[in-house]
Colleague: 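Before I ask anything, let me first share the structure, which is written out below as structure tokens.
All ligand and atom numbering here is 1-based and tracks the order in the structure. Numbers here are sequence positions counted from 1.
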Amino acid sequence: MASHTFHNTHANKYDRMTSGGSLSIAKQAITMLPVPVTESSYVLDNACGTGIVSEVLKAQCPSLRIIGADLAPGMLEIYQSKSKQYGWENVDTKVQDVRDLNRIPDETFTHVITNFGFAPNVDDLTGPGRAAKEMYRVLKPGGVAIVTTWYQRNFEKALEATSKTIHPNEEPFTWKAPAEWGKGWWLMKMLDEGGFDAKVDIKLVEGGMQTASLDELVENLMFFKDMFFKDYNEEEVKRLPEVIRKEISSSPGYYEHENGVGVKMIAWIGIAVKK
Ligand SMILES: C[S@@+](CC[C@H](N)C(=O)[O-])C[C@H]1O[C@@H](n2cnc3c(N)ncnc32)[C@H](O)[C@@H]1O
């Protein structure tokens, strides 16, 4: 299943599904921008989903111009309702494929941020390379690109173990991305070859999911049902929360703190400047 198809169907659950995981990395990435976003910047929130990156930026610069682009119209609908709810000005949305930003002219933006949307289709090995070239093309000279990719998500091992408990004879669902897509050198290579050349920096950061309770975390992880537990019968679906609870709370990234619980996640942040 291509990522935009899944996200289109589950757009209204996306923010709960992530439990703050992608937000925790987006916030760190934005603090690392070598040219900070100001009110006069023009930003492409690339593969924007429900607008997690835009939300962080709008809190800093309320009149900032942003285009939110995504291949899933369902995600853009949530983005637009968020925009209305928060009264965002100077914001537009476009259905666009990160591999072919054909509705965006060359040298448009001061910043292009692709938070976990750089390699969305594991069946298209050319996708990330094309996405990097497109980010380079639509940036103004001196503009900055940010790309984030996961190094360790942690929670999916718990979902795989859940699947093995309930369906012991079946191969669990896994994201079948090439192993190199989780490496920092690969992200550097993609950005270098995309046109940024030596002006690329790569950082490894820790963030993660955080919820007020273990019950809430389990509820949120249940939103991955159609990916990890597709075609389970009613009886099996009823068992899921209990098994997920046991697996996630004993998984290596899990921790408890005074305000709730969390699952540590580790990500690469690629920062590239167009000459
Ligand atoms: C993991 S979500 C990330 C969303 C958001 N950037 C965030 O920070 O949470 C991936 C997003 O990429 C979108 N997507 C999948 N394939 C895409 C493609 N080829 N071009 C553009 N967007 C795509 C999905 O619809 C989804 O909104």
Side-chain angles (χ1 to χ4, degrees), residues 1-32 37 43-59 66-83 91 93-104 111-135 137-138 145-151 153 155-156 175 177 181-182 190 205 207-210 220-221 223-224 226-228 265 267-270:
M1 188 190 319
S3 149
H4 73 279
T5 316
F6 176 81
H7 285 110
N8 202 41
T9 313
H10 299 283
N12 59 343
K13 301 162 200 152
Y14 177 78
D15 285 8
R16 293 235 11 227
M17 205 184 279
T18 65
S19 296
S22 70
L23 173 67
S24 69
I25 306 298
K27 280 182 173 163
Q28 297 183 63
I30 288 164
T31 64
M32 289 176 188
V37 168
V43 180
L44 175 63
D45 183 353
N46 202 20
C48 62
T50 58
I52 282 174
V53 167
S54 296
E55 220 171 316
V56 178
L57 294 173
K58 277 286 172 189
I66 306 182
I67 289 185
D70 199 282
L71 197 52
M75 291 301 245
L76 293 179
E77 274 171 34
I78 304 287
Y79 185 106
Q80 285 152 359
S81 54
K82 210 179 248 184
S83 170
V91 167
T93 56
K94 285 191 198 302
V95 174
Q96 283 279 259
D97 189 322
V98 291
R99 298 164 293 186
D100 180 15
L101 300 170
N102 54 19
R103 297 176 61 199
I104 301 175
H111 299 80
V112 177
I113 302 181
T114 312
N115 195 41
F116 305 115
F118 186 62
N121 188 338
V122 294
D123 300 320
D124 178 9
L125 298 182
T126 67
R130 287 158 63 201
K133 288 194 171 81
E134 281 294 79
M135 292 178 74
R137 179 183 68 77
V138 301
I146 289 271
V147 176
T148 62
T149 57
W150 289 118
Y151 173 64
R153 268 179 295 226
F155 74 88
E156 79 256 39
W175 276 292
W181 289 16
M190 289 296 111
V205 299
M209 296 177 155
Q210 280 204 349
N220 291 357
L221 290 173
F223 289 126
F224 286 94
D226 289 352
M227 193 177 261
F228 282 85
M265 299 165 91
W268 295 107
I269 299 180

Colleague: Would a distance-only check, ignoring hydrogens and angles, find a side-chain to backbone donor-acceptor pair under 3.5 Å from D45 to S54?
Modeller: yes
Colleague: Report yes if some heavy atom in the side chain of V43 is under 4.5 Å from a heavy atom in the side chain of V53; otherwise report no.
Modeller: no
Colleague: Does the N or O separation between I52 and ligand 1 drop below 3.5 Å for any pair?
Modeller: no
Colleague: Under 3.5 Å, is there a donor-acceptor pair between the side chain of W268 and the main chain of G182?
Modeller: yes
Colleague: By salt bridge (Lys or Arg N to Asp or Glu O under 4.0 Å), which residues pair with R99, not counting sequence neighbours?
Modeller: D97, D124
Colleague: Taking both backbone and side-chain atoms of L71, is any N or O found less than 3.5 Å from an N or O belonging to ligand 1?
Modeller: yes
Colleague: Please give me the minimum heavy-atom distance between G51 and K82, naming the atom from each residue.
Modeller: C-NZ, 4.3 Å
Colleague: Relative to the heavy atoms of Y14, which atoms of ligand 1 are at a distance of less than 4.0 Å?
Modeller: 1 (C), 2 (S), 3 (C), 4 (C), 7 (C), 9 (O)
Colleague: Considering the heavy atoms of A72, write down every atom of ligand 1 situated less than 4.0 Å from one of them.
Modeller: 25 (O)
Colleague: Is ligand 1 less than 4.0 angstrom away from at least one heavy atom of D97?
Modeller: yes
Colleague: Is there at least one pair of N or O atoms, one from P120 and one from ligand 1, spaced under 3.5 Å apart?
Modeller: no
Colleague: For ligand 1, which atoms have a heavy atom of F116 less than 4.0 angstrom away?
Modeller: 1 (C), 2 (S), 3 (C), 10 (C)
Colleague: Looking at I269, is its backbone amide N or carbonyl O close enough to the side chain of T148 to form a donor-acceptor pair, meaning the two atoms are under 3.5 Å apart?
Modeller: no
Colleague: Please determine whether a side-chain nitrogen of the Lys or Arg among E55 and K58 lies less than 4.0 Å from a carboxylate oxygen of the Asp or Glu.
Modeller: no
Colleague: Strictly under 4.0 Å, does any heavy atom of A26 approach an atom of ligand 1?
Modeller: no
Colleague: Side chain, backbone, both or neither: which part of S22 has a heavy atom under 4.0 Å from ligand 1?
Modeller: side chain
Colleague: Can you name the atoms of ligand 1, numbered from 1 with element, that are less than 4.0 Å from a heavy atom of Q96?
Modeller: 20 (N), 21 (C)
Colleague: Nearest non-hydrogen contact with atom 8 (O) of ligand 1 belongs to which option: L101, T18, N115?
Modeller: N115
Colleague: What side-chain donor-acceptor pairs closer than 3.5 Å can you find for residues 21-28, not counting sequence neighbours?
Modeller:
unit_1	atom_1	unit_2	atom_2	d
S24	OG	G21	O	2.7
S24	OG	G208	N	2.9
Q28	NE2	S24	O	3.2
Q28	NE2	E206	O	2.9

Colleague: Closer than 4.0 Å to some heavy atom of M75 - which atoms of ligand 1 meet that?
Modeller: 25 (O), 27 (O)
Colleague: Give yes if a backbone or side-chain nitrogen or oxygen of D70 is under 3.5 Å from a nitrogen or oxygen of ligand 1, and no if not.
Modeller: yes
Colleague: Backbone, side chain, both or neither: what part of R99 comes under 4.0 angstrom of ligand 1, heavy atoms only?
Modeller: side chain
Colleague: Between W150 and F118, is a ring-ring contact (aromatic ring centres under 6.0 Å, His included) present by the stated rule, with each step listed?
Modeller: CA-CA 11 Å; W150 289 118; F118 186 62; over 10 Å; no
